[in-house]
Amino acid sequence: KTVTNTPQKTVNTTKKDIKRDGLSFKTAIIAKNIAFEYKWVRIHYPNYRVIMQSLQNNKRKYYDVLKIKNESNIERDIHFDINSFFGKGF
């Protein structure tokens with residue numbers, strides 16, 4: 001089953017084939033640690049800055065959601081799956 005989000009972007013809805021762009025819980029980036037999250041944003045959104053970080057729970061999984069903003073005041077929420085390290089101690 002496929003879903004077309006935009007004319008040029010198709011996302012396969014099978015779990016392992018989902019494009020991980022971080023724009024939703026379903027497509028959250030798998031994070032190794034918090035530093036990884038900020039580095040990922042710097043690489044993929046170089047003209048944006050992080051304005052807020054929040055911990056969110058969705059379907060019994062934990063996510064860091066970084067709200068980012070560019071100079072034109074366009075905001076995006078980038079979702080990171082943190083279940084591999086959240087609550088495990090440091």
- Message: Please determine whether residues Met52 and Leu55 belong to a single hydrophobic cluster, defined as Ile, Leu, Val, Met, Phe, Trp and Tyr linked transitively by side-chain heavy-atom distances below 4.5 Å.
- Response: no
Residues passing the ring pair (Phe, Tyr, Trp, His ring centres under 6.0 Å) test with Tyr38, sequence neighbours excluded, are none
Checking side chain to side chain contact (heavy atoms under 4.5 Å, CB included) for the pair Ile51/Ile68: CA distance, chi angles, key distance, verdict?
CA-CA 6 Å; Ile51 58 172; Ile68 61 175; over 6 Å; no
Would you tabulate the side-chain donor-acceptor contacts of residues 28-37 under 3.5 Å, counting partners in other chains and residues two or more places apart, or write 'none'?
unit_1 : atom_1 : unit_2 : atom_2 : d
Asn33  : OD1    : Ala35  : N      : 3.2
Asn33  : OD1    : Phe36  : N      : 2.7

For Asn83, the side-chain hydrogen bond (donor to acceptor under 3.5 Å, both in side chains) test, sequence neighbours excluded, returns Asp81
field: Stepwise side chain to side chain contact (heavy atoms under 4.5 Å, CB included) test for Thr27 and His79
entry: CA-CA 8 Å; Thr27 63; His79 301 73; over 6 Å; no
Would you mind writing out the side-chain donor-acceptor pairs for residues 71-78 within the sub-3.5 Å range, not counting sequence neighbours?
unit_1 : atom_1 : unit_2 : atom_2 : d
Asn73  : OD1    : Lys69  : NZ     : 3.4
Arg76  : NE     : Tyr48  : OH     : 3.4
Asp77  : OD1    : Lys67  : NZ     : 2.9

Scanning both residues in full, the closest heavy-atom pair of Asp21 with Trp40 reads O-CH2, 3.6 Å
dist Lys61:NZ -> Gln56:CD (nearest 0.5 Å) comes out at 15.5 Å
For Tyr63, the hydrophobic cluster (side chain heavy atoms closer than 4.5 Å, chained through members) also holds Phe25, Val65
